[in-house]
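Inspection log for the structure reproduced underneath, given as structure tokens.
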Amino acid sequence: MTEEHAHQGEAGPVPPRQPAGQHGGTGTTPHDTHPGSGGHGAMPADLRRRFVASLALTVPILALSPGVRGLAGTAGLEFPWAEPVVFLLSTAVYLYGGWPFLAGFAREVQTRRIGMMTLVAIAITVAYGYSAAVVLGLVPGMDFFWELATLVDIMLLGHYIEMRSVMGASRALEALVRVMPAGAHLVRGDGSVDVPVGELAVGDVVRVKPGEKIPVDGEVTGGASTVNEAMLTGESKPVRRERGDRVIGGAINGEGSLTVLVRATGKETYLAQVIELVRQAQESKSRTQDLADSAAFVLTVVAVTVGAATLAGWLVAGQEPAFAVERAVTVMVISCPHALGLAVPLVVAISTSLAAGAGLLIRDRQAFEAARDLEVVIFDKTGTLTEGRFGVTSVVPLADLAEDTALADAAALEAMSEHPIARGIADEARRRGLAVPAAKNFRALPGRGVEGDVQGRRLSVVSPGALEEMGIAVDGTSAGAGRARSETVVYLVDGDRALAAFSLADVVRPEAREAVADLRSMGYRCVMLTGDSRTVAEAVAAELALDNYYAEVLPHEKAARVREVQRTSRVAMVGDGVNDAPALVVADVGIAIGAGTDVAVESADIVLVRSDPRDVANLMRLSKRTYRKMAQNLLWATGYNVLAIPLGAGVLYGAGVVLTPAAGAVMMSASTAVVAINARLLR
């Protein structure tokens with residue numbers, strides 16, 4: 001039997017490592033925008049409590065403030081001790097409600113990362129300090145405690161809503177954590193005992209009943225069932241698992257009962273590695289974030305400068321100090337770089353969670369963002385575009401014999417052989433659901449094929465060379481078609497008659513056709529690298545309509561081929577992560593496919609968990625959409641300030657348009673809400 005083996009690169013287990021791509025520091029994450037945190041501080045529940053308390057105190061402040069009573073038509077009513085009561089209540093609002101901003105200001109100064117908290121803290125402190133000085137008789141004028149109280153209320157509410165959005169973006173991690181069951185049925189003797197999952201060790205055997213979650217990563221040692229891995233790998237269809245197959249902790253068992261040998265626990269499990277990868281990818285630095293950070297810093301400097309200039313300008317123009325202070329406070333509130341601080345991190349968090357849910361594990365954040373600029377996608381052939389196994393492409397009867405009968409007879413012999421060609425014929429018979437007869441007196445013919453007794457006849461399956469040695473002539477077209485496509489051809493022989501010819505080849509994955517067509521429709525050029533012969537490569541390239549291919553390329557030469565393409569184009573390399581490691585590292589974006597549950601593919605920037613080449617196009621789309629959302633958010637956050645700051649400073653005062661600090665806070669919160677909602681639309 002002929003030995004035309006295709007080059008195969010099977011990914012083996014690789015030790016986990018930390019994701020790359022965190023160049024230039026950790027960057028700003030959604031958690032860095034928490035009020036009063038500088039990274040780790042006020043949570044939504046705390047903000048909600050402060051908002052409710054401040055709002056309750058604001059009601060009597062509004063009722064007792066002369067300005068509000070004048071608007072309400074109750075200015076004639078007298079309230080003894082109204083001024084000191086308003087002062088005390090406003091002090092409580094400033095200290096308790098404003099604490100997250102004051103604490104955040106202290107941290108920003110300490111870490112030299114001046115930003116939003118600094119502006120809010122300065123604004124409320126100036127408003128409170130000036131009003132307190134008026135009440136205490138230190139300066140003439142009119143206080144605006146009610147404006148201060150409503151400003152703090154709105155800022156707290158805006159930050160609470162934002163925090164809920166940020167927390168929601170990271171809930172994918174919480175959902176993944178909840179996937180793992182708490183207990184397991186540990187097999188002991190003839191029975192089982194329920195134990196916490198944390199007590200399981202490698203080598204233990206657990207029983208998984210129908211409908212239960214698989215507690216750990218392991219290998220099926222008994223039973224058969226379908227398993228739903230959708231939450232873990234993004235594979236929507238349940239997959240068949242039987243003895244010898246690997247299963248993932250957290251997957252949902254179907255109709256059968258399984259016994260599973262524990263292969264990994266704790267941090268070594270697939271789910272734990274996914275959670276860690278997602279967490280670090282969400283916190284990793286984005287190139288776009290550098291722009292946002294710089295813009296936020298510049299905006300802070302501009303806001304303080306414009307605020308001071310506004311205060312001085314109105315005082316010089318002869319306005320009351322209270323009016324000038326109010327304008328300066330409004331400028332600083334409006335120009336808070338909150339939307340800028342949230343614009344990129346929230347998109348990063350959401351896109352990373354989305355990617356993980358779709359079976360795309362991002363190891364290098366910057367490589368993921370670079371995917372939007374790619375022009376060429378280079379695929380390894382075996383195991384990526386093809387299945388890496390022989391499959392029957394055609395059955396040609398050469399005698400008065402039905403195609404399925406010939407295949408069943410050949411499979412009867414080949415089922416007893418371990419040769420790749422034998423497995424291909426046996427698998428095809430199984431796929432067609434044929435009844436395969438039993439073979440007796442089986443004998444392997446080294447270098448020629450196999451023979452045995454099938455239903456009372458002595459049959460053999462042999463190579464073309466063996467057929468010639470036997471002096472059996474066949475129609476040349478039966479072998480010619482297969483050889484023209486670089487396929488392997490074998491014959492079913494009965495005595496001195498050839499009954500059928502079988503053509504076999506490394507099977508092209510059906511998904512590969514869709515993947516290549518999809519990528520080419522998006523404007524990418526698709527290229528193949530393979531160690532196989534030029535004839536084989538040409539046949540696969542033609543079948544998939546590839547733009548180009550490189551054949552007879554040794555593993556250590558693949559990186560050179562990638563560099564060659566990189567001279568004119570930005571390149572992604574898609575391979576198995578082991579034999580293709582040098583090429584994956586050299587490429588602008590390295591994408592590992594065929595990893596299965598081996599999450600930590602050392603040389604890859606991105607891992608396709610489902611081993612589906614169609615996910616390459618999904619990756620490109622998500623990268624482009626992510627960048628588009630970042631750009632939209634940055635444009636909105638900066639454009640809003642260009643228009644809003646002059647309004648806050650009072651440029652339209654002559655036209656009767658004056659914004660209060662509270663109105664400025666509403667505008668700032670609305671800007672932040674727009675950014676948050678736009679980021680969530682990425683879903």
Is a donor from one side chain sitting under 3.5 angstrom from an acceptor on the other, for Thr259 and Thr221?
yes
Any side-chain heavy atom of Phe379 within less than 4.5 Å of one from Leu519?
yes
Please report the closest heavy-atom contact between Ile593 and Pro613, naming both atoms and the distance.
CD1-N, 3.5 Å
Any Val187 side-chain heavy atom under 4.5 Å of Val206 side chain
no
For Gly575 versus Leu584, what's the shortest heavy-atom pair and its separation?
N-CD2, 4.0 Å
Taking atom types as modelled, is there a side-chain donor on Glu255 or Thr226 under 3.5 Å from an acceptor on the other?
yes
Exam field: side chain Glu212 to backbone Lys209, donor-acceptor pair closer than 3.5 Å:
yes
One should read off an interatomic distance between Asn618 CG and Leu354 CG, to the nearest 0.5 angstrom, of 12.0 Å
Begin with the C-alpha distance, continue with both residues' side-chain angles, and end with the deciding distance and a verdict on side-chain contact (heavy atoms from CB on, under 4.5 Å) for Val490 and Ile425.
CA-CA 10 Å; Val490 294; Ile425 291 176; 4.0 Å; yes
What's the separation between atom CD1 in Ile214 and atom CD1 in Ile248, rounded to the nearest 0.5 Å?
8.5 Å
Which heavy atom of Met620 sits nearest to which heavy atom of Ala572, and what is that distance?
CE-CB, 4.3 Å
Can you confirm whether Val260 sits close enough to Arg241 that some side-chain heavy atom of one is under 4.5 Å from a side-chain heavy atom of the other?
no
For Arg457 and Asp409, what are the C-alpha separation, side-chain angles and deciding distance, and is it a side-chain contact (heavy atoms from CB on, under 4.5 Å)?
CA-CA 10 Å; Arg457 295 176 297 163; Asp409 287 346; 2.9 Å; yes
Minimum side-chain heavy-atom gap Glu428-Arg431 below 4.5 Å
yes
Before you tell me yes or no, could you show the steps for Val395 and Arg432 under side-chain contact (heavy atoms from CB on, under 4.5 Å), namely the whole-Å CA-CA distance, both residues' side-chain angles and the distance that decides it to 0.1 Å?
CA-CA 13 Å; Val395 179; Arg432 296 191 186 189; 4.0 Å; yes
So how far is it from Glu414 CD to Ile421 CD1, rounded to the nearest 0.5 Å?
8.0 Å
Hey, are the side chains of Met573 and Asp380 touching, using non-hydrogen atoms and a 4.5 Å cut-off?
yes
Quick check against the 3.5 Å criterion: does Arg246 have a side-chain atom that pairs as donor or acceptor with the backbone of Asp217?
no
Should Asn253 and Lys213 count as side-chain neighbours, where that means a heavy-atom distance under 4.5 Å?
no
Just distance, no hydrogens or angles: give the donor-acceptor pairs under 3.5 Å from side chains in residues 436-443, sequence neighbours left out.
residue : atom : partner : partner atom : Å
Asn441  : ND2  : Asp453  : OD2          : 2.6
Arg443  : NE   : Glu451  : OE2          : 3.0
Arg443  : NH2  : Glu451  : OE2          : 2.5

Calculate, to the nearest 0.5 Å, the distance between atoms CG and CG belonging to Leu492 and Leu407 respectively.
9.5 Å
With side chains defined as the heavy atoms from C-beta onward, is the minimum distance between Asp46 and Arg49 less than 4.5 Å?
yes
Within a radius of less than 6.0 Å around CZ of Arg243, do more than 12 heavy atoms belonging to other residues, nucleotides or ligands occur?
no
The criterion is salt bridge (charged side-chain N to carboxylate O under 4.0 Å, His left out); which residues satisfy it with Asp245, sequence neighbours excluded?
none
Would one find more than 12 heavy atoms of other residues, nucleotides or ligands at under 6.0 Å from atom CZ of Arg240?
yes
Let's go through Thr626 and Phe368 carefully: what are the C-alpha distance in whole Å and the side-chain angles of both, what is the deciding distance for side-chain contact (heavy atoms from CB on, under 4.5 Å) to 0.1 Å, and is it a yes or a no?
CA-CA 10 Å; Thr626 297; Phe368 169 68; 3.8 Å; yes
Minimum-distance pair of heavy atoms, taken over all atoms of Ala679 and Val347
CB-CG2, 3.7 Å
Closest heavy-atom contact between Asp588 and Val571?
OD2-N, 2.7 Å
What I want to find out is whether Glu514 reaches Arg614 closely enough, with some N-O distance under 4.0 Å, to be called a salt bridge.
yes
Checking Thr265 side chain against Val202 main chain: does a donor-acceptor pair fall under 3.5 Å?
no
Kindly compute the distance separating CG (Leu622) from CD1 (Ile350), expressed to the nearest 0.5 Å.
11.0 Å
How far apart are the closest heavy atoms of Ala224 and Leu258, and which atoms are they?
N-CD2, 3.6 Å
Contact check, side chains of Leu544 and Arg513, non-hydrogen atoms, under 4.5 Å:
yes
Give a yes or no on whether the backbone of Arg372 and the side-chain of Ser623 come within a donor-acceptor separation of less than 3.5 Å.
yes
So, taking the atom named CD1 in Ile606 and the one named CG in Asp615, what distance separates them when rounded to the nearest 0.5 Å?
11.5 Å
